[in-house]
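To start, the structure itself, in structure tokens.
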2 protein chains.
Amino acid sequence: MADVARLSGFSAMTVSRALKDGASVSAKTRERILEVIEEIGYVPDLSAGGLSSKRSGFVTALVPTINNSNFSDTACGLTDALSKRGLQLLLGYTDYSAAREEELVAAMLRRRPEGMILTGGFHTPRARHLLESAAIPIIETWDLPDNPIDQVVGFSNAEATGAMVRDLTARGYRNIGFIGGSSKRDTRGADRRAGYEAAMVELGLGEGHVITFGTPPISMEQGGQAIVQMIGQWPEVDAVICVSDLSAFGAIMECHRRGWAVPGRIAVAGFGDFEVSRCCWPSITTVTVNSYDIGKQAGELLLSTLDKIRSGAEIQAATQKIDFKVVAREST
Amino acid sequence: MADVARLSGFSAMTVSRALKDGASVSAKTRERILEVIEEIGYVPDLSAGGLSSKRSGFVTALVPTINNSNFSDTACGLTDALSKRGLQLLLGYTDYSAAREEELVAAMLRRRPEGMILTGGFHTPRARHLLESAAIPIIETWDLPDNPIDQVVGFSNAEATGAMVRDLTARGYRNIGFIGGSSKRDTRGADRRAGYEAAMVELGLGEGHVITFGTPPISMEQGGQAIVQMIGQWPEVDAVICVSDLSAFGAIMECHRRGWAVPGRIAVAGFGDFEVSRCCWPSITTVTVNSYDIGKQAGELLLSTLDKIRSGAEIQAATQKIDFKVVAREST
DNA sequence: CTGTTAGCGCCTTCAC
DNA sequence: GTGAAGGCGCTAACAG
């Protein structure tokens, strides 16, 4: 920047201003400065700028995995919302582990993000403490935590799965099973299972039949193994809800393989409206949630919160509920 | 850091040393300092440290999309390799657009990454210029560029698709078609098509039949539409290679829907060994490439290059070839 | 509209 | 093994 200043005949401060839009620099000056910049190939150092302005330009997002189109859609929504204002996303993935989340929170905070987006409402005490001490806006997504840290953009996974049980019931299914991961690591998965169980009891359909399989997230292949186990154990089951479309897909393919008609012999539903559920034959009944929109809305909420902080306006922790909808397709 | 220094009774410099392993600080001193840090909840500012040490701790990776398990696997491999040495990944996605890649290159360079990982060998002249001026190690992946910028970790998409043509030919298929995206935006897709065409000619199977569909990346659904068009236009086609497993999957599901047996009426092969290809019924013949390993190897190559730069050793631009293999499954 | 001064939080370098 | 001085590249704050 000093070089640009010297070569253009202005001070470094004026160069700095010329690079920022909305700053008071004459058109002529800016033009000359940009010319020099182009000429010598100057690339400003944002981190140095951030050190000085106390605004890093970073926002951190932590998702369970980027290897799942739902969360990567959310990450895209976030990127789109934030990049409009020049904020850059620092993306981390926790592998569904709260311990890894804690490590990532600690690591990311060293980059002085202006805000942080988390997935779900379950965090280690230390992670929570770090986040609260950071004094930046936090948004939890993909869930409706009982005791949110700050802001929330999400929906009730339990309620959504309950809606699926009701939809299946309305179609005449009575012996409805559930296939999911085997632990509480995937808290959204656990919520879905809880929602299933609650709805079954509520509708007087008994306690239901649950097959848990593998470490979350449950894979396509495990979905296939689980449905075999389900039918082996409870042949009377006529419909099964899978914790995600991926396992539902695996289950349906295994049914094809074994000659079990879907939905004739058994109906299969998923969760998440992944591309595979739309394209599969039979197409898979699922719960659709706009994953991209979760990210977009979280990003916009963060931006407006940041604006309020700067203008000194009052901030109140809000919860933005995201719509979900049961989409009935061929598989049920 | 000044607070920690005061409270511990040491200088800021000693605090800085206590935080870095390998620095000469007595065990007792370090212990006391870490105690104070824990007590007051001090979180070091890495960007300020980077400004001073001239090492940002960042590495940038640019992929076409994170919404594709192949590239996100590569990103995971990169993260795993780099985080061991405390380097953090700045991930960007280009949406298969060279113009967006250029923007991202410019934006990321402002963060002073210590190295940059790109996907493919096609870049705008300006992007290339920016990268070359940056004087940092660059690694191009997922391809074997004719004129690489620096280092390469990849494989020949054309060769891999040629191998698939040969495999199908060995199984007796003669009228082999190709389904892919409609433009050169996806350069790996274009390479695969070129490899298909070259192999067809080489094997004396004519010029082949190509259906291009949609803006890359071609979706599952578009794969379904494309195979209908293929069979409508060239009913003699007995096998089709799709540019990716996703379109192959869509094609197969559409065949199920229409009662066309796979592989009886038509064989279908994909590319990339996505989870869906393993689990699909019939399972999909594909080209398997270790996507995670591409990232891992690129990360390790970058680390060793960085080491060499620091130690003043000579660096020579190398090309690391990644293995691929045709995996025959039920769909052919 | 432009310039000067000071300092962001840390680390390099040198001294002891 | 520890400390002091100075500066990394930039921008806030103030002055004109």
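So that the names make sense, note that chain A is the first sequence line, chain B the second, and so on, each numbered from 1.
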Contact list for [range], test salt bridge (Lys or Arg N to Asp or Glu O under 4.0 Å), sequence neighbours left out:
range: residues 5-29 of chain A; value: A:Asp3-A:Arg6
range: residues 103-115 of chain B; value: A:Asp45-B:Arg112, B:Glu114-B:Arg310
range: residues 115-139 of chain A; value: A:Glu102-A:Arg126, A:Arg126-B:Glu38, A:Arg128-A:Glu132
range: residues 77-93 of chain A; value: A:Arg85-A:Asp307

Review point. Taking only residues two or more places apart in sequence, or in another chain, which ones meet B:Phe58 in a ring pair (Phe, Tyr, Trp, His ring centres under 6.0 Å)?
Key: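 By the ring pair (Phe, Tyr, Trp, His ring centres under 6.0 Å) rule, B:Phe58 matches A:Phe58.
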
Check your understanding: Taking only residues two or more places apart in sequence, or in another chain, which ones meet A:Phe155 in a ring pair (Phe, Tyr, Trp, His ring centres under 6.0 Å)?
Key -> A:Trp142

Check your understanding: With side chains defined as the heavy atoms from C-beta onward, is the minimum distance between A:Thr74 and A:Asn70 less than 4.5 Å?
Key -> no

Nearest-Å distance for atom pair [atom1]/[atom2], residues [X] and [N]:
X: B:Leu19; N: C:dG9; atom1: CG; atom2: C1'; value: 13 Å
X: A:Arg6; N: C:dG3; atom1: CZ; atom2: P; value: 15 Å
X: B:Met1; N: C:dG9; atom1: CE; atom2: P; value: 11 Å

Practice item. Give, ordered by number, those residues of residues 29-42 of chain B having at least one heavy-atom distance below 4.0 Å to an atom of DNA chain C; if nothing qualifies, reply none. Key: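 DNA chain C contact set from residues 29-42 of chain B: B:Tyr42.
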
Collect all protein-nucleotide pairs involving nucleotides 4-8 of chain C in which both atoms are nitrogen or oxygen and the distance is under 3.5 Å.
residue: C:dG7; atom: N2; partner: A:Ser52; partner atom: OG; Å: 3.1
residue: C:dC8; atom: O2; partner: A:Ser52; partner atom: N; Å: 3.3

Review point. Among all residues two or more places apart in sequence or in another chain, which pass the side chain to side chain contact (heavy atoms under 4.5 Å, CB included) test with A:Gln320?
Key: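 With sequence neighbours excluded, A:Gln320 shows a side chain to side chain contact (heavy atoms under 4.5 Å, CB included) to A:Val153, A:Gln297, A:Leu301, given in chain and number order.
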
Point to revise | Results of side chain to side chain contact (heavy atoms under 4.5 Å, CB included) for A:Ala61 - residues two or more places apart only | key: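 Counting only residues at least two positions away or on another chain, A:Ala61 forms a side chain to side chain contact (heavy atoms under 4.5 Å, CB included) with A:Leu78, A:Leu89, A:Leu91, A:Ile117.
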
Point to revise | Lys NZ or Arg CZ of B:Arg100 over B:Tyr93 ring: under 6.0 Å, within 45° | key: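 Flagged: B:Arg100 positioned over aromatic ring of B:Tyr93.
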
Check your understanding: Can you tell me if the side-chain N/O atoms of B:Ser16 get under 4.0 Å from OP1 or OP2 in C:dC11?
Key ->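 Answer yes for this pair, as a side-chain N or O of B:Ser16 is under 4.0 Å from OP1 or OP2.
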
Check your understanding: Considering residues at least two apart in sequence or located in another chain, which fulfil the side-chain hydrogen bond (donor to acceptor under 3.5 Å, both in side chains) criterion with A:Asn67?
Key -> B:Ser72, B:Asp73

Point to revise | Nucleotide interval of DNA chain D bounded by contacts with chain B (heavy-atom cut-off, under 4.0 Å) | key: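 It runs D:dG1 to D:dG9.
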
Exercise for review: Have a look at A:Ser26 and say if it touches a base, only the backbone sugar-phosphate, or nothing, with a 4.0 Å heavy-atom cut-off.
Suggested key: sugar-phosphate

